Each structure stands twice: as structure tokens, then as C-alpha cells.
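Reviewing the structure listed below.
No experiment lies behind these values; they were computed from the predicted model shown.
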Amino acid sequence: MVNEDRNQQECDGTPAQESAVRADPSVSADPSSSAHPGGLARPSSSGPEDLSVIKVSRRRWAVVLVFSSYSMCNAFQWIQYGSINNIFMNFYEVSTVAIDWLSMCYMLTYIPLVLPVAWLLEKFGLRTIALLGSALNCLGAWVKLGSLKPHLFPVTVLGQVICSVAQVFILGMPSHIASVWFRADEVLRASTIAALGNQLGIGLGFLVPAVLVPNIDDQEKLAYHISIMFYIIGGVATLLFILVIIVFKEKPKHPPSRAQSLSYAMASPDASSSIIRLFKNLNFMLLVITYGLNAGAFYALSTLLNRMVILHYPGEEVNAGGIGLTIIIAGMLGAVVPVLWLDRTKAYKETTLVVYIMTLVGMVLYTFTLNLGHLWVVFITAGTMGFFMTGYIPLGFEFAVELTYPEPEAMSSGFLNVSPQVFGIIFTISQGQIIENYGPMPGNIFLCVFLILGVVLTAFIKADLRRQKANKETPENVSMGELAGQSSGFWALAEDVAAGVGVGGAPEVDWFRGGCETNSTHKHGAQRVSSVGVSALLFCCSFPGSFPTSCPSPGLPALVPRAHHCCHSLLSSVHPRS
């Protein structure tokens, strides 16, 4: 360490700085870096974040709980009409399809807005997106209070559309919040908590409207009961908006994990380039389809549950809501077990496949027991189905981030969520028509067929766990170009030099954290440098006009004016592969 500090002084001409790393399991060293044009990390000591320290923030749990809460509020508003479909249909004097569209508008709005919102997230950050999402959710809740007359159905549609826009700012956020705020061993738990807030909101949306709004003929009394529900949700949405203003920050002072530190070190990818890479990622595209089939089936079942139950059990609106709540609560429990398993095994593909198969089994059981005339049996089979079907949703989010790292979480989550919106609309309309003409059983068999397809496609997904690789490997051993899918050209050369295995007698490179050894020079004239130094040296070769003329941080030795000489020495001994 003494020699390393002395050599560091020789490189940059400044006293070596004392390490900020303490003996704390939540803190470790990592190269200090920020985005540099061209996709290469460039170290920097400026800015509020100290990227040489990996440390979690105490605020992280408050952030994820507040997010989970306003996500719950928004999800409640999605299903509050569909859970008592027959009551709202009679109150507004509209068709069942019109009430179904109050649910499907959430799916329809998401599709064109997901990419603009993902761009806004990358451009303006987490806090701005959280404020917009919670504000729109609050506004939509209060607009609905102007629709308490039968002829004001368009006003309730407007309020619901505003809430559906808010959903676009919410649905893809769990993985992003977990990655930005939580350390590697907490990411799964944090993402699950964030995602399950949405599920709990759906569960409450099944039960609470059925309890608060009775099926009565008196329009004035019915309007009064509906107003109570609207006032409660408006008050809750307002409180949560205030909490978002107080609690949410853009990001913690220090990166919480090595993967996040590497993400900071890499340039923010161009949105169009990121989209192209995602489309070329076959494993991710298979997951997009299979996730869409599963979640789309869930959306259709949720929207049409009241109609299916009431057809077999007339007057049982409260029990229909109870069945919906059972599906969600069982699903929340079902999400916990796989997360605990994944924390231990990291077997993403195997766990996802097993959960998918069991979702199909649960759906078959529910389909063939719904018409038996025993509600308690329906509660059991619906709960079994929900345990796996709803429990699959947070698994899909995390598997997507693993397959696409280091692409922005908002982009991968956005793509993942487009698929169930599309399938959800198709399934809801199709199953609704099948139920109306042939009954609930053929409609549910229709969904079973697509779940079988989802199981088959899931079996073909390869478990390319890129984020796990970034977290397990030291920064010196992981190639950011490799993680991004760039295995040729500049990064290929960097990998050769970094590994110390070149073609034609490439110089060896000693890997160690920080600093350089100026007193040891190889036969080709290239000094021993750290991984950051190697990357900078190669960058200099490719873009000589961009390399700095002084050492910007203790982690990056001053390679100029020797940089170009070193580059020529390296290139003379390493056969270029690009």
C-alpha cells in the first residue's frame, strides 16, 4: 500500500488521498467514474456522488414504501369499476363493454406512452417521474368526484384516463428503484415490495368497492355510496403525493452496489441504440412474449371476474370481490417464496419456468371448479391460481433486468410491460365475447391455451444473468463492453490487454486496485497500469484528441504525455481484431 501510494504520487504529482472505504459490509471500493462520450467510462472526482464508495442509504426503505403505496392507490383505481361491473353499469346506464373499457384504458394508454416516459426517466430522473405519476394519480381521483350523476359517465372516463396516464409513470419503476437505491443482496426484496404494492391495490380494489357500494336501485343513495369511495381514494392519493414530495430523491449519495457503480461509470446509452439492442436480445424478447401472455391473462381475469362469478352466483358481489382479493393475497405470498429461493440460488430461468407451469395448473383447476356451485371451492382454486399467476409478475421484472443489464431498467421494464397491455386488451375483449356467448368455462379454456404457449416459450429462454456477473466479478475482471453486448472492436482489444493474453507477445498487465507502478516497464515500453488505466490507454489510441492532459483522479494515473508512446507499443504487439 505504501509503494502504491508513492507510485501514485509519481504519476499525478499530488499526495495520495486516503481511502474512504471502511470495514463495513455495505461499503467497498470501486473505480470513480462518470459517463464519457463514446460509451467509455471516464473517472471524475466532481459531483455530489463519491463513486469510489459503495454504501446504502437509510432513506431507501422510505422511498420504496412510498412508491409502493402510491402504486397501490393507482392500481385500486384501475379495478374499482370492474370489480362491481354490474352496479356501475346500472348506475351510468351503459353496457358492460363500456365499463370494461374503464379497465382497458389503462392498457391502451400505456402502449404509446411507455417509450416517452422511459426517455423522461433517463432525461430528468427518478424524482421527476415519481412526482408526475403521483400528481396525475391524485388529479384523476379528484376528477371522478364530478361524475356522481348517471349522465356524467364521460367525466368518470376522463378521470380514469388521467389515472391511466399516471400508471405509465409507475408500472415500470420497481426494478429501477431497486437497482438505484438497494445493494445487490437487497434488490430482489426491494423490487418485490415495490411491485407487490400494485398487487395489493388490485386486491383492495376487488373487495373495498363491493363493501362500500351496495347493489341498490335508489340512484341517490347509490351516488352517495360511490362518493364515499371516491372521497377516500382522493384523500389517500393527496396524502401520498405530499409524501412523494418529501421523501423522494433522485438517487443516493453513493452507489449501493457494484453493478450500479458500473452503471454510473458507463455512458447513458442512446435511447434508439438501447431499443435496437433490446430487440436483438432474443432471450429478452422471448420473456416479453411469455410475460405478456401470463400478465395479460391476469388482466383479463381481473377485469371479467365479477361477471364470471355473478353468472354462477347471482347477488354475490362481495364474495366476488373476496375471490379477487384471495387471488391477490395468495399471489403476494407466492412472490415471497420465489424471491427467497432466488436469493439463495439465483436460478432465474428454472424458477420462472416452474412458476409458469404451476400457473397453468392453477388456471385449469379454477376453470373446472367455477361452476360447481360451492364458493369455498372457488376460493381455494382461485387462490391456488393467484399464488403462481400473480407471484410470477415480480419474477418477470427481475429476470428482465438480469437479461438486459446494463440497459436502463426503465427501458427493459417498459418493453416488458407493453406486452401484457397488448395481450390484456386482446384477451379481455375476446374472453368477454366468449363469456357472453358461450359462458365462463370456454372463456377460461381460451386463456389456458395461451398459458400453454407461454410455458413452451419460457423453456427456450437462456439464463444469461448479466447483472449477477457484474456483481460477482471485481471491476477489473468485468468488461462493460461485454456486458453491453459489445464483443468486438475497441472492447475486444481492451479484453485482450486486460487479460494479459495478446496475440504476438502482448505485454502482461498486473491487475490491482488503483495506482500504477512507474518503476516497472515492460520490454515494449508499456507501464503496468490498473484496469482503468488500460481502458484509458486504449481510448487514447482510438480517440487521441479526447484524452485528458492531466490525471483527473487518484484512480486514473497520468498517462500523458507517455500515452501515445504506450499506445504505439501496445498496438505493435497486439494484433488488432477490429
- Query: Can Gln199 and Ile202 be said to form a side chain to side chain contact (heavy atoms under 4.5 Å, CB included), step by step?
  - Reply: CA-CA 5 Å; Gln199 301 306 306; Ile202 297 172; 4.2 Å; yes

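- Among residue pairs with one or both ends in residues 282-296, none qualify as side chain to side chain donor-acceptor pair (under 3.5 Å); sequence neighbours excluded.
- For the residue pair Tyr106 and Gln167, the shortest heavy atom distance occurs at O-NE2, 3.1 Å.
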| query | What do the steps show when you test Phe248 against Leu243 for side chain to side chain contact (heavy atoms under 4.5 Å, CB included), and what is the final call? | reply | CA-CA 8 Å; Phe248 260 77; Leu243 287 176; over 6 Å; no

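- Sorted by first and then second residue, the side chain to side chain donor-acceptor pair (under 3.5 Å) pairs with a member in residues 439-463 read Gln431-Asn444; sequence neighbours excluded.
- The side-chain hydrogen bond (donor to acceptor under 3.5 Å, both in side chains) check on Tyr348 picks up Glu402, with sequence neighbours excluded.
- Judged purely by atom type and a 3.5 angstrom limit, Gln160 uses its side chain to pair as donor or acceptor with the backbone of Leu102.
- Taking both residues in full, the closest heavy atoms of Leu416 and Ala400 are given as CD2-CB, 3.8 Å, listed atom of the first, atom of the second, then distance.
- For the pair Ser68 (side chain) and Ile193 (backbone), a donor-acceptor distance under 3.5 Å is present.
- Residues Pro209 and Tyr81 fail the side-chain proximity criterion, which asks for heavy atoms closer than 4.5 Å.
- Residues Ser71 and Ala194 approach most closely at OG-O, 4.5 Å, considering heavy atoms.
- Between the side chain of Asn198 and the main chain of Leu171, no donor-acceptor pair closer than 3.5 Å is present.
- Residues in residues 191-200 take part in no salt bridge (charged side-chain N to carboxylate O under 4.0 Å, His left out) pair, two or more places apart or across chains.
- Across every non-hydrogen atom of Cys73 and Ala237, the tightest pair is SG-CB, 3.8 Å.
- Atom CG of Leu447 is separated from atom CG of Leu293 by 10.0 Å, given to the nearest 0.5 angstrom.
- Sorted by first and then second residue, the salt bridge (charged side-chain N to carboxylate O under 4.0 Å, His left out) pairs involving residues 279-308 (not counting sequence neighbours) are Asp100-Arg307.
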*Just do the side chain to side chain contact (heavy atoms under 4.5 Å, CB included) check on Met107 and Trp78 with the steps written out, would you?*
CA-CA 10 Å; Met107 309 174 202; Trp78 167 60; 4.1 Å; yes

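- Residues meeting the side-chain hydrogen bond (donor to acceptor under 3.5 Å, both in side chains) test with Thr326, sequence neighbours left out: none.
- A search for side-chain hydrogen bond (donor to acceptor under 3.5 Å, both in side chains) contacts involving Thr303 returns Ser103, not counting sequence neighbours.
- Checking side-chain atoms of Asn74 against main-chain N and O of Cys163 turns up a donor-acceptor pair under 3.5 Å.
- The side-chain contact (heavy atoms from CB on, under 4.5 Å) check on Ser134 picks up Tyr70, Phe241, Val244, with sequence neighbours excluded.
- Under the rule for a side-chain contact (heavy atoms from CB on, under 4.5 Å), the partners of Leu115 that lie at least two apart in sequence or sit in another chain are Ile275, Met411, Phe415.
- Side-chain contact between Met363 and Phe298 is absent, with no heavy atoms from C-beta onward closer than 4.5 Å.
- When each of Phe67, Phe182, Trp181 is tested with Trp61 by the rule ring-ring contact (aromatic ring centres under 6.0 Å, His included), just one qualifies, namely Phe182.
- Atom CD1 in Ile177 sits 5.5 Å away from atom CG in Leu126 (nearest 0.5 Å).
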Cut-off 3.5 Å, no hydrogens considered: what does the side-chain donor-acceptor table look like for residues 380-389, sequence neighbours left out?
{"from": "Thr381", "atom 1": "OG1", "to": "Thr369", "atom 2": "OG1", "distance (Å)": "2.9"}
{"from": "Thr381", "atom 1": "OG1", "to": "Val377", "atom 2": "O", "distance (Å)": "3.1"}
{"from": "Thr381", "atom 1": "OG1", "to": "Val378", "atom 2": "O", "distance (Å)": "3.3"}
{"from": "Thr384", "atom 1": "OG1", "to": "Ile380", "atom 2": "O", "distance (Å)": "2.9"}

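- Taking both residues in full, the closest heavy atoms of Ile129 and Met173 are given as CG2-SD, 4.0 Å, listed atom of the first, atom of the second, then distance.
- Taking Ile434 as the reference, Tyr438, Pro442, Phe446 meet the side-chain contact (heavy atoms from CB on, under 4.5 Å) condition, with sequence neighbours excluded.
- Nearest approach of Thr367 to Cys448, heavy atoms of both residues: OG1-SG, 3.9 Å.
- Within the 4.5 Å cutoff, no side-chain heavy atoms of Phe399 are placed close to those of Phe284.
- Counting heavy atoms from C-beta outward, Leu403 and Ile461 have side chains that approach closer than 4.5 Å.
- With sequence neighbours left out, Met72 forms a side-chain contact (heavy atoms from CB on, under 4.5 Å) with Leu200, Leu204.
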